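Following: one structure in structure tokens, then a few remarks.
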Amino acid sequence: MSRSTTTPTNFIRQIVEEDLVNRKYNLIRTRFPPEPNGYLHIGHAKSICLNFGIAEDYQGQCNLRFDDTNPIKENIEFIDSIKRDVQWLGFQWYGNVRYASDFFEEQHNYAIELIKKGLAYVDELSPDLIRQYRGTLRLAGTNSPYRSRGVEENLRLFSDMRKGKFPEGAACLRAKIDMSSSFMVLRDPVLYRIKFVEHHQTGYQWCIYPMYDFAHCISDAIEGITHSLCTLEFQDNRRLYNWVLDNISISTRPKQYEFSRLNIEYTVMSKRQLQLLVTQNLVDGWDDPRMPTISGMRRRGYTPESIREFCRRIGVTKQDNLVEMEALESCVREHLNEHALRAMAVLRPILIHITNLPKDYEEIIYMQYHPNKPSMGIREVPFTNEIYIDKSDFLENKIKNYKRLILGEEVRLRNAYIIKAEKLEKDNEGNIICLYCSCDLKTLNKKPHDGRTVKGVIHWVSAKYSLPAEFRLYEKLFICSNPLKDENLCMSFNPNSLVIQEGFVELSLKTAQVSLSYQFEREGYFCLDSIYSMSNKLVFNRTISLRNRWLGDKYANNA
Ligand code: ATP
Ligand code: MG
């Protein structure tokens, strides 16, 4: 796959380059290790672009390894979605998909090795007591009374754990490190716990499951990972990562490096929080177009190219940061501006009768699919004596600087004629039902002969030859920039994050495809919704509005 832009360097790439120059490694191996307990979000995309990007750029290999050590929260749906998302982003893992559970047997054997070395013991303190004994940041922990068990007893008890002789929570295997370490992770961390649950890969083969910290470093080493890249919250865990690898007989030696997580304003970036939005039915599933998930963004019409470009621009550092949503949006806009097909859609229709055209008037107007790319082709747009324009494009009374249709004045219909609003019809409540306009038939894509100037241009569709469509307009998911600061996440959910409009699209959209993006003139970039759109009912998601030329224009997008 060719990448259009080169990735700027960062401290991790510099380490990789040095390791290659110094011949520390001949082959760079990275991995992306998601827990299959939710759908991937844009934060994961940062990690994916980093791991797969390094493998690609340095002719290395990147594995996809599911960190499946907690079967209670995991399932196949998540696994499938993660594979799909990684591939959609444009990456392919090396060889087969891997699972930490592929190595359960090896991990178990290394645990036995630690027991034999007197470096691990079976603890029978309850989980609560283990927590209490661990101490605090200021207070050293206390040794468990079971800490000084002999090797033989530990081997027997660990074997009993595996055989299912203990109930859940009655025993666990702990590393014997240092209960007074200033690193909490080194205060005899739990390595194995008992869980009588079915595992999506190993069925009922195991009732003891390794903890992440134990399984992860061993999986990395077995796979020959050279650079194990993770986010900053694992900084302290690096000590444990190294302790395990120092104390088991494994020859490969991966090194862990940490970088800062991606956070974006007005959204959340944690599977747990996203899951909450799903279970509370605040959104329409993990792939709701408002979600910062890869699947939500795909459904909304974001392109893999724009997400990769965003990841390239934000870079990789150790500084915590909160990125503005606009940074992602401008990548999406730039890509869609190049590739989206142009079309016209009227989101808030108001009917116009053109009074000086016969009832059966029909004319085909030819328009380019892209103003700067004739190669994208030409579409046919029927023009008839009844058309729809957008409600926000008409005003009864003149207002300064308003450049659209005003009663008694003229405006140009995009790629068509100049019309003049002559009269309007209202219902009993004063709502406008329709407008009567005249049309200057000498102005098809031409200036008027008499030199008069008509400034505004508005979009339109034929009333007879257009297709009804639903438009789903999205706004920020939360009303505050850092929603996690709120005690109750749901309280800051934006109730206006989805607005639905019923209108019309031009006839060329009859063949609209889910995989394509469309720029509806002046309204933004749209795509067909992959779930709600049917052949008899088109449903479009607004991917993003246009760069807001109308910013500060209070008439824009008013219903
Ligand atoms: P979450 O809190 O959303 O569940 P996680 O870190 O538990 O995230 P994992 O499935 O364990 O999710 O993550 C897989 C990889 O993606 C890890 O290496 C993790 O560090 C990285 N990752 C997760 N979230 C982010 C983020 N916001 N920015 C960058 N990398 C991330
Ligand atoms: Mg996690």
Side-chain angles (χ1 to χ4, degrees), residues 33 35-37 65-76 79 98-131 133-134 143-177 179 185-223 237 240-241 243-250 252:
E35 262 181 273
N37 62 349
R65 184 202 317 137
F66 287 101
D67 161 31
D68 57 348
T69 51
N70 189 4
I72 294 173
K73 292 187 170 169
E74 301 163 4
N75 67 46
I76 296 286
I79 291 179
R98 300 148 205 250
Y99 298 86
S101 58
D102 294 345
F103 312 123
F104 275 172
E105 200 63 52
E106 285 92 335
Q107 288 152 8
H108 178 256
N109 292 340
Y110 287 124
I112 290 176
E113 182 182 349
L114 290 180
I115 295 175
K116 286 182 177 163
K117 287 179 172 165
L119 293 174
Y121 61 98
V122 172
D123 197 354
E124 287 172 75
L125 284 181
S126 68
D128 259 353
L129 282 178
I130 289 182
R131 218 167 295 129
Y133 276 50
R134 185 167 293 137
N143 286 351
S144 160
Y146 302 100
R147 195 176 198 263
S148 50
R149 276 180 160 143
V151 169
E152 290 311 312
E153 189 184 1
N154 277 318
L155 286 173
R156 181 171 51 75
L157 292 172
F158 188 49
S159 160
D160 287 347
M161 276 173 64
R162 181 179 183 173
K163 287 180 190 144
K165 293 190 183 171
F166 284 102
E168 277 183 22
C172 63
L173 186 74
R174 295 179 72 178
K176 195 190 269 189
I177 307 181
M179 287 305 290
V185 291
L186 294 185
R187 293 188 186 175
D188 289 12
V190 173
L191 303 181
Y192 270 88
R193 73 269 202 235
I194 298 167
K195 279 183 199 278
F196 292 97
V197 283
E198 184 180 4
H199 187 286
H200 49 93
Q201 302 300 314
T202 57
Y204 288 103
Q205 222 176 312
W206 296 87
C207 64
I208 53 172
Y209 290 99
M211 299 298 287
Y212 167 84
D213 281 316
F214 186 65
H216 192 72
C217 54
I218 295 177
S219 310
D220 278 351
I222 294 174
E223 290 179 8
N237 302 57
L240 180 53
Y241 187 101
W243 182 92
V244 173
L245 295 181
D246 282 344
N247 287 296
I248 61 174
S249 40
I250 195 159
T252 47

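Predicted model, so just to flag it, every value in this text is computed and none were measured.
Under the 3.5 Å distance criterion, with hydrogens and angles disregarded, a donor-acceptor pair is assigned to the side chains of Asp188 and Tyr121.
With a 4.5 Å cut-off on side-chain heavy atoms, Phe166 and Leu157 count as touching. Side-chain contact between Glu113 and Leu119 is absent, with no heavy atoms from C-beta onward closer than 4.5 Å. Between Lys116 and Leu155, some side-chain heavy-atom pair lies under the 4.5 Å cut-off. Contact check for Val190 versus Pro127: no side-chain heavy atoms found under the 4.5 Å cut-off. Proximity of Met179 to Ser144: side-chain heavy atoms (C-beta onward) are nowhere separated by under 4.5 Å. Side-chain contact between Arg156 and Val151 is absent, with no heavy atoms from C-beta onward closer than 4.5 Å.
Atom NZ of Lys117 has more than 12 neighbouring heavy atoms from other residues, nucleotides or ligands inside a 6.0 Å radius.
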Inset, instruction - Using the side-chain contact (heavy atoms from CB on, under 4.5 Å) rule, take Asp68 and Gln201 through it: C-alpha gap first, then chi angles, then the decisive distance, then the call. - result: CA-CA 9 Å; Asp68 57 348; Gln201 302 300 314; 3.5 Å; yes
Go through it in stages, so that I can follow the logic: the residues are Glu106 and Asn109, the test is side-chain contact (heavy atoms from CB on, under 4.5 Å), and I'd like the CA-CA distance, side-chain angles, deciding distance and then a yes or no. CA-CA 5 Å; Glu106 285 92 335; Asn109 292 340; 5.5 Å; no
key: Met161 vs Val122, side-chain contact (heavy atoms from CB on, under 4.5 Å): CA-CA, chis, key distance, verdict   = CA-CA 9 Å; Met161 276 173 64; Val122 172; 4.0 Å; yes
**Request:** Step by step, work out the side-chain hydrogen bond (donor to acceptor under 3.5 Å, both in side chains) result for Glu35 and Thr69.
**Result:** CA-CA 8 Å; Glu35 262 181 273; Thr69 51; over 6 Å; no
Test side-chain contact (heavy atoms from CB on, under 4.5 Å) applied to Asn247 and Val244, step by step: CA-CA 5 Å; Asn247 287 296; Val244 173; over 6 Å; no
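In this structure, the side chain of Asp102 does not engage the main chain of Arg98 through any donor-acceptor pair within 3.5 Å. Side-chain N or O atoms of Arg187 include one that pairs as donor or acceptor with a backbone N or O of Arg134 at under 3.5 Å. A donor-acceptor distance shorter than 3.5 angstrom exists from the side chain of Ser219 to the backbone of Ala215, with no hydrogens or angles considered. With hydrogens and angles ignored, the 3.5 Å screen pairs no side-chain donor or acceptor of Asn37 with any backbone N or O of Glu74. Asp67 places no side-chain N or O within 3.5 Å of a backbone atom of Pro33 that could act as its donor or acceptor partner. A donor-acceptor contact shorter than 3.5 Å links the side chain of Ser126 to the backbone of Leu129.
The structure places CD1 of Ile248 at 6.5 Å from SG of Cys217, a figure rounded to the nearest 0.5 Å. To the nearest 0.5 Å, atoms CG (Leu125) and OH (Tyr133) are separated by 5.5 Å. Distance CD/Gln107 to CD1/Ile208: 10.5 Å, rounded to 0.5 Å.
Each of Trp206, Tyr209, Phe66, Tyr99 was evaluated against His199; a single residue qualifies, Tyr209, per the ring-ring contact (aromatic ring centres under 6.0 Å, His included) test. The residue from Ile218, Leu191, Leu240 that alone fulfils the side-chain contact (heavy atoms from CB on, under 4.5 Å) condition with Asp213 is Leu240.
Look at Arg65 and Asp220 and you find a salt bridge, because one of the NZ, NE, NH1 or NH2 atoms lies within 4.0 Å of a carboxylate O, short of that distance. Using a 4.0 Å cut-off between charged side-chain N and carboxylate O, Asp123 and Arg147 make no salt bridge. The pair Glu168-Lys195 does not count as a salt bridge, with every side-chain nitrogen at least 4.0 angstrom from each carboxylate oxygen.
Residues that satisfy the ring-ring contact (aromatic ring centres under 6.0 Å, His included) test with Tyr146, not counting sequence neighbours, are absent from this structure. For Phe158, the ring-ring contact (aromatic ring centres under 6.0 Å, His included) partners are His108, Tyr192, not counting sequence neighbours.
What you find for Arg149 and Asn154 is that their closest heavy atoms are O-ND2, 3.3 Å. Listed here is the closest heavy atom pair of Tyr110 and Ile250: OH-CD1, 3.5 Å. Closest of all the heavy-atom pairs between Ile76 and His200 is CD1-CB, 4.1 Å. Here the shortest heavy-atom pairing between Ile194 and Ala171 reads CD1-O, 3.5 Å. The heavy-atom pair separating Phe214 from Ala111 by the smallest distance is CZ-N, 3.8 Å. When all heavy atoms of Gly118 and Lys176 are compared, the pair lying nearest together is O-CD, 3.5 Å.
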